[in-house]
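Fair warning: this is a prediction, and the values are worked out from it, not measured in the lab.
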Amino acid sequence: MKSGYGSENNNFQLLKCPWCGTQLTVEHGKGNWGYFYESHPKHFYYQCPQDGCRFHSSEIPVMVIDEELYKNPPTLLIGTVDKFAMMTWKEDVNKFFGADGQHRGPELIIQDELHLISGPLGSIVGLYETAVDYICNHYGNVKPKIIASTATIRRAKSQCAALYNRDTRQFPPPGIDAEDSYFARNDVIDHGKGKYGRCYVGIMASGKNQVSTEVTTISDLLQLIKILKTLDEVKDTYWTLTGYFNSLKDLGQCESLVADDIKNNLIQFSHRLQTEPRYIYKLRELTSRVKTDELNRIFKELEDIKYHSGEGEKTYPVDIVLSSNMLSVGVDIARLNILLMVNQPKLNSEYIQATSRVGRSYPGLVLTLYNQGRNRDQSYYEQFKTFHESYYRFVEPTGATPFSKPARDRALHAVLVAIMRNIPELAEEKDAGKFRKDTYRDDIKKISDFILQRVREIRNRGSHVHDDIPDVRREIDNFFTDWDNKARIMESESKELVYGNSRLIERGYTQDIPCRLLKPYHQKAKDEMRPWETLTSMRNIDSEVSGRVLIWKEGQK
């Protein structure tokens, strides 16, 4: 039986009961367990420890283990596009699309944060969407409706065409009056009615370097909030200062400044004001370096711990939160209302998303610290008012090129394998050796025609697609020819050809397997059959390039 929040390699995804909100933890000696694990047969499930909850004596209908999801596909499946990469490696994924003939395919697909599915990631996702579309139409017998949600995007029609090969309908539609489209109206800031907004402030100190300006700004903000004469409820909404950084290097530098320069500056500033200095007790970090279970604790701490300095026990919430671009997605904490942006982000859409995290329930303050040594920051500072009055106009257009040459080299063969594994005779790991080009000629033709038609339709819908249909056709044929050759060679040598031995990949093994059709991307292995490099994740899709610098000296041969 597993207890607590999970170990380092097994983080629990459900921390509260979705029905009553009770914390799913273990109370030793009372028998109130939040997590259960049975070994025969293997089954992991949740139960609420609250006596009056509907799910105290029955399982909470939430599954988080992949194997159980494959065994019993749920009605609602929540995941990330990163999981698309496993369509090539796992035969059980076809159950989600109704390809096994026993389950229904998806009828509705909802993609949140559409603007993030762009660039190299969007190109790879667009290729895998080809497999999803084909499987749903030809095996699941349903063409799902797709709803994409986004806040900051331009050229959505072109991006949706590249990703989904669908016509786009915008909701809410634009109306006659820009301030009132019936579905949405421009809100008016009215403090008397509890309608607040955000105040943007640009800072660029002249004659001082970036570090000293950063130290002064942070320490002044912290000390001024401490001496603010108001109710504890109001002071609580501004007690926590959030810092946004474009790189982990800048974030780490600020963390060092907090431990030394900022603390000293707080003491000096308090002496000038003749007040008690503020001490920094709690500093938290929201970056990819923090583990998932620790992030959950930080979010809970930010939401639950309030500022209280009156009678009784005094409580102080987190003083400083240092964040990377993780802040711009999914962080919705009402207590965060002061944000310091250190340098202008590279993308205006990122700037809009990050700054919109504050001032949602209370008046928000956004301070952007510009670097006078950067021409781009100077330009934003000089046009500060103009930019912020209409910054949605400056959102960069997103783009995805799923059938460009680099994208095809990376994932086209993976899409073909993912589709072919929905044929019952080729579904299992060991069935790769059963493939023959002549036997499945009709299936190959259907797949090839579908993909080539998709390229044409994407181009007709306005997305930027190179006219390289002959190259796509040739690459499809080359892959199936290579697969056929490897299967025949293995049969002649009385060996077994497998797809990629995904079970060994899951367990972390990387030893040489001589008869694989696929191997994980960048894995160093001396396979006899030279398997195709295939993505197991879309988190790191850019290749690493090793460089060698040669220094030539005059007179040297």
Side-chain angles (χ1 to χ4, degrees), residues 191 196-245 250-286 298 301-323 327 333-343 355 357-370 372:
H191 293 182
Y196 308 107
R198 287 181 292 273
C199 177
Y200 288 85
V201 179
I203 302 173
M204 189 172 71
S206 178
K208 289 188 177 182
N209 59 34
Q210 178 84 355
V211 174
S212 62
T213 307
E214 187 176 334
V215 170
T216 303
T217 303
I218 293 176
S219 57
D220 288 2
L221 285 171
L222 292 173
Q223 186 64 30
L224 290 173
I225 293 300
K226 176 179 173 57
I227 64 176
L228 190 65
K229 295 182 179 180
T230 183
L231 299 175
D232 285 355
E233 292 80 4
V234 177
K235 187 177 289 189
D236 174 69
T237 60
Y238 299 101
W239 187 265
T240 302
L241 172 64
T242 306
Y244 178 95
F245 301 87
D250 294 339
L251 187 147
Q253 183 184 45
C254 183
E255 193 169 2
S256 301
L257 294 175
V258 171
D260 189 8
D261 297 50
I262 292 176
K263 287 185 176 180
N264 294 334
N265 207 59
L266 281 169
I267 297 175
Q268 296 175 11
F269 186 42
S270 64
H271 286 168
R272 292 199 302 271
L273 298 176
Q274 297 181 353
T275 60
E276 182 183 353
R278 176 173 174 177
Y279 298 100
I280 301 175
Y281 296 105
K282 299 178 183 179
L283 183 145
R284 300 293 183 263
E285 179 180 325
L286 297 180
I298 293 174
E301 182 180 22
L302 289 172
E303 290 177 345
D304 295 347
I305 300 180
K306 308 292 185 180
Y307 176 84
H308 178 68
S309 61
E311 298 180 357
E313 183 181 359
K314 296 183 179 181
T315 58
Y316 297 95
V318 176
D319 297 287
I320 301 177
V321 176
L322 304 181
S323 176
L327 179 71
I333 301 175
R335 287 192 56 260
L336 302 183
N337 293 288
I338 296 185
L339 175 64
L340 177 65
M341 304 283 296
V342 181
N343 301 324
T355 57
R357 299 297 120 184
V358 302
R360 294 196 165 196
S361 302
Y362 306 96
L365 177 63
V366 178
L367 300 99
T368 305
L369 184 60
Y370 294 105
Q372 61 177 340

Checking the side chain of [X] only, and the main-chain atoms of [Y] only, is there a donor and an acceptor separated by less than 3.5 Å?
X	Y	value
Thr315	Lys306	yes
Arg198	Gly364	no
Gln223	Glu276	yes
Lys235	Leu228	yes
Asp232	Ser309	yes
Thr216	Thr213	no
Ser212	Lys208	no
Thr275	His271	no
Asp319	Tyr281	yes
Gln372	Asn209	no

- prompt: Is atom OH of Tyr316 surrounded by more than 12 heavy atoms (other residues, nucleotides or ligands) closer than 6.0 Å?
  reply: yes

Work out which heavy atom in [X] is nearest to a heavy atom in [Y]; give both atom names and the distance.
X	Y	value
Leu327	Tyr244	CD2-CD1, 4.1 Å
Leu322	Phe245	CD2-CE1, 3.7 Å
Trp239	Pro317	CD1-CG, 3.4 Å
Glu301	Lys282	OE2-CD, 3.7 Å

Gap between atom [atom2] of [Y] and atom [atom1] of [X] - 0.5 Å precision:
X	Y	atom1	atom2	value
Leu221	Leu241	CG	CG	6.0 Å
Leu336	Tyr362	CG	OH	12.0 Å
Tyr200	Leu365	OH	CG	10.5 Å
Gln210	Gln253	CD	CD	8.5 Å
Ile218	Asn265	CD1	CG	10.5 Å
Tyr370	Asn343	OH	CG	10.0 Å

Can you find a pair of side-chain heavy atoms, one from [X] and one from [Y], that are under 4.5 Å apart?
X	Y	value
Leu339	Met341	yes
Ile320	Leu222	yes
Val366	Val201	no
Val318	Val321	yes
Glu313	His308	no
Leu340	Thr368	no

query: Is it true that the side chains of Asn337 and Thr237 contain a donor and an acceptor less than 3.5 Å apart?
result: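 No pair is found: no donor N or O on one side chain lies under 3.5 Å from an acceptor on the other.
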
query: Going by distance alone, is a donor N or O of one side chain under 3.5 Å from an acceptor N or O of the other, for Asp260 and Asn264?
result: yes

task: Check each of Asp261, Val258, Leu266 against Val215 using the side chain to side chain contact (heavy atoms under 4.5 Å, CB included) test, and report the only one that passes.
output: Asp261

query: Can Cys254 and Glu214 be said to form a side-chain contact (heavy atoms from CB on, under 4.5 Å), step by step?
result: CA-CA 8 Å; Cys254 183; Glu214 187 176 334; 3.3 Å; yes

- request: Would you please name every residue forming a side-chain hydrogen bond (donor to acceptor under 3.5 Å, both in side chains) with Arg335, sequence neighbours left out?
  value: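 For Arg335 the side-chain hydrogen bond (donor to acceptor under 3.5 Å, both in side chains) partners, ignoring immediate neighbours, are Asp236, Thr240.
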
field: Derivation and outcome, side-chain contact (heavy atoms from CB on, under 4.5 Å), residues Leu251 and Glu285
entry: CA-CA 9 Å; Leu251 187 147; Glu285 179 180 325; 3.9 Å; yes

